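Each residue takes its place number in the sequence, starting with 1. Note that this is a predicted model, so its numbers are computed, not measured.
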Amino acid sequence: MSTVTAAAAQAADDRGSVQGVVNDASGKPVVGAMVKLTNADRRLTFMVVSQDQGRFDAGDLPAGQYVVQ
């Protein structure tokens, strides 16, 4: 099981981003994990892959609330 920590950032033009880190159960970063971002209100789903040190960055997202898995 992995843990995802995410932070939202505000941006101009009704666009934004979500950044975070994926860690495994022991707290070590997970490289190559699929991260799913879902905006239920707009029926949108985005996928990104965690990179070095488990970090991911989903940019240019439409404004709204996202669930990160």
Trainee: Side chains of Pro62 and Leu44: closer than 4.5 Å at any heavy-atom pair?
Mentor: yes
Trainee: Met34: which other cluster members, linking ILVMFWY side chains closer than 4.5 Å, directly or transitively?
Mentor: Met47, Val49
Trainee: Would you call Val18 and Phe56 a side-chain contact if the rule is heavy atoms closer than 4.5 Å?
Mentor: yes
Trainee: For the residue pair Val22 and Ala33, what are the closest heavy atoms and their distance?
Mentor: CG1-CB, 4.0 Å
Trainee: On a heavy-atom basis, which atom in Arg55 and which in Val21 lie closest, and how many Å separate them?
Mentor: CG-CG2, 3.9 Å
Trainee: Looking at side-chain heavy atoms only, is the closest gap between Thr45 and Lys36 below 4.5 Å?
Mentor: yes
Trainee: Please find the pair of heavy atoms, one from Asn23 and one from Gly27, that lie closest to each other, and give the distance.
Mentor: OD1-O, 3.5 Å
Trainee: Atom CD of Gln65 and atom CG of Leu37: how far apart are they, to the nearest 0.5 Å?
Mentor: 13.5 Å
Trainee: Among Val35, Asp57, Val68, find the one that has a side-chain contact (heavy atoms from CB on, under 4.5 Å) with Val48.
Mentor: Val35
Trainee: Which heavy atom of Ser17 sits nearest a heavy atom of Gly59, and at what distance?
Mentor: CB-CA, 3.7 Å
